[in-house]
Amino acid sequence: MAPNAAAVPPDAAAVPPNAAVTLSAAAGLGRAVLYAVPGHPMVAERTVQLLRERCPREGVELTVLGGESFLDIAFTRLGFDPIEGFQLLDAAGLQPHLLQPQLHTLIGQVYDGFTASDVKLTLMERYPEEHPVTIGHALGVAGEERIVTVPLYELDRGQDYGNLSLVYVPASNDERLRSRSFDRLHEIVSILRSPDGCPWDREQTHQSIRKNFIEELYEALEAIDADDPDGMREEFGDVILQVMLHSQMEEETGAFTVYDVIQELNEKLIFRHPHVFGADGASDAGEALASWERMKAEEKRIKGRDADRSSVLDGVPKDLPALLAAYKLQKKASKVGFDWNELEPMLAKIEEELREVREAAGLGDAEASAGEVGDLLFAVVNAARFLGADPEEALARTNAKFKRRFLYVEEQLRINGKSFDQTDLLEMDRWWEEAKKRGL
């Protein structure tokens with residue numbers, strides 16, 4: 001079986017899906033089969049790749065003979081040297097993460113306007129809409145060759161695309177193009193931490209910027225709560241920067257790099273989602289969560305982490321806010337049956353703890369009062385969990401509500417030309433009730 005050159009469509013989409021099966025079956029019957037393609041058979045020929053996989057399994061002898069690739073013509077007609085850095089991409093599988101602006105980029109298999117439109121949208125993930133791109137039609141074919149350069153946004157307009165069309169994006173060192181890449185972020189952080197980088201960044205340790213991580217997370221949460229897309233974009237970047245800095249510190253010691261972090265995360269996501277990436281299924285969010293928890297436990301077993309556990313309560317970070325920590329501790333305990341199965345005993349517990357707060361307060365014992373208040377809060381968290389309310393989120397909403405209403409009280413003071421020392425609780429409470437009636 002000897003692929004060479006002939007008038008067979010060069011794209012896999014134009015070849016019947018079972019072409020490789022038919023060809024290898026015919027050859028298996030002892031017939032000599034010539035399968036010819038335009039250009040070089042090893043360049044952008046999916047069926048040839050399928051034959052290379054199939055023939056050895058079926059005992060069919062396959063011989064691949066070379067031909068002139070369309071790349072040879074492209075290098076000449078478009079005028080670039082591939083040794084400067086070059087990538088050949090398939091329009092059908094084009095993804096933003098594959099694009100590297102510092103490399104000459106050829107995109108083949110641009111058959112029609114629909115494909116060109118998909119290519120345009122993908123390129124716009126990395127390039128501005130005015131960026132010049134070159135379209136080559138029938139390169140090297142006398143009387144049919146056309147080369148035109150257009151702004152990216154016109155890539156799918158007014159062009160007669162066909163099987164011999166491609167898109168070329170010249171290499172560029174424009175820093176604005178590199179700014180959308182993760183590799184550039186890694187490079188910038190490594191420069192900041194280098195001997196010739198920023199003196200402040202160089203001096204930082206995990207502990208010195210530990211609090212920054214927490215602050216950036218809270219600022220990101222604030223942007224989320226405010227439904228502020230611009231703020232989210234900025235604050236998410238600040239959170240990523242913290243991950244990059246801590247990872248860079250470990251890279252400098254040889255422990256791991258941020259790419260190891262990404263690899264572990266990717267593998268974890270795939271492993272814990274067999275209902276997405278495997279044969280399992282999940283019909284709703286409940287089944288998906290159960291699958292996640294099952295695979296999480298299996299992951300720990302494989303890694304031998306269960307042997308290190310001394311309590312079912314392990315795994316709750318010690319630096320979590322106390323309200324959230326209480327919620328997680330109770331949730332873990334409930335999984336082994338240490339929980340009430342109805343609300344009334346929980347409400348009775350709240351009433352009991354409230355009585356004990358009153359008793360401690362009546363004795364004037366500040367330390368005992370603090371302890372009883374803690375018990376009361378813990379009981380309230382338990383009831384919130386039973387009701388399906390996240391206590392941290394519930395309290396955050398109440399805090400926001402308190403702030404809105406108190407700001408209304410302040411506004412009324414200003415309107416009436418008063419300050420806080422010129423009013424009393426009765427008047428402030430009246431304005432507070434007004435704020436409630438206004439839905440604040």
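More than 12 heavy atoms of other shown residues, nucleotides or ligands fall within 6.0 angstrom of atom CG in Asp81. Few gaps surround CD on Glu434; more than 12 heavy atoms of other groups in view lie less than 6.0 Å from it. No more than 12 heavy atoms of other residues, nucleotides or ligands sit less than 6.0 Å from atom CZ of Arg176.
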Inset, instruction - Test Lys211 against Glu215 for salt bridge (charged side-chain N to carboxylate O under 4.0 Å, His left out), laying out the working first. - result: CA-CA 6 Å; Lys211 67 180 187 304; Glu215 291 171 1; 5.7 Å; no
Inset, instruction - Decide side chain to side chain donor-acceptor pair (under 3.5 Å) for Thr115 and Asp118; before the verdict, give the C-alpha distance in whole Å, the side-chain angles of both, and the deciding distance to 0.1 Å. - result: CA-CA 5 Å; Thr115 307; Asp118 289 340; 5.7 Å; no
Legend entry - Trace of the side-chain contact (heavy atoms from CB on, under 4.5 Å) decision for Arg193 with Met244: CA-CA 11 Å; Arg193 290 274 304 172; Met244 297 299 296; over 6 Å; no
Legend entry - Intermediate values then yes/no, salt bridge (charged side-chain N to carboxylate O under 4.0 Å, His left out), Arg178 and Glu187: CA-CA 11 Å; Arg178 297 188 63 207; Glu187 180 184 1; 2.5 Å; yes
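Contact record, His137 with Ser165: ND1-OG, 2.7 Å, taken as the closest heavy-atom pair. When all heavy atoms of Leu78 and Leu166 are compared, the pair lying nearest together is CD1-CD1, 4.2 Å. Among all heavy-atom pairs drawn from Tyr127 and Pro101, the shortest one is OH-CA, 3.4 Å. Heavy-atom minimum distance, Gln87 versus Thr105: NE2-OG1, 3.0 Å. Of all heavy-atom pairs between Ile270 and Phe277, the closest is CA-CD1, 3.7 Å. Of all heavy-atom pairs spanning Ala220 and Val239, the tightest one is CB-CG2, 4.1 Å.
Taking the six-membered ring for Trp and the full ring otherwise, the centers of Trp432 and Phe402 sit less than 6.0 Å from each other. Taking the six-membered ring for Trp and the full ring otherwise, Phe70 and His40 have centroids separated by 6.0 Å or more.
Between the side chain of Arg77 and the main chain of Gly140, no donor-acceptor pair closer than 3.5 Å is present.
Here CD of Glu175 is found 8.0 Å from CG of Asn173. Values are rounded to the nearest 0.5 Å.
Remark: the Gln49 side chain and the Glu53 side chain contain no N/O donor-acceptor pair separated by less than 3.5 Å. In this model, a donor atom of one side chain and an acceptor atom of the other lie less than 3.5 Å apart for Glu250 and His206.
Classification of the Phe75-Phe86 ring pair by plane angle, with boundaries at 30° and 60°, yields perpendicular. Below 30°, between 30° and 60°, or above 60°: for Tyr259 and Phe182 the angle between ring planes is above 60°, a perpendicular geometry.
A search for ring pair (Phe, Tyr, Trp, His ring centres under 6.0 Å) contacts involving His273 returns His275, Trp292, not counting sequence neighbours.
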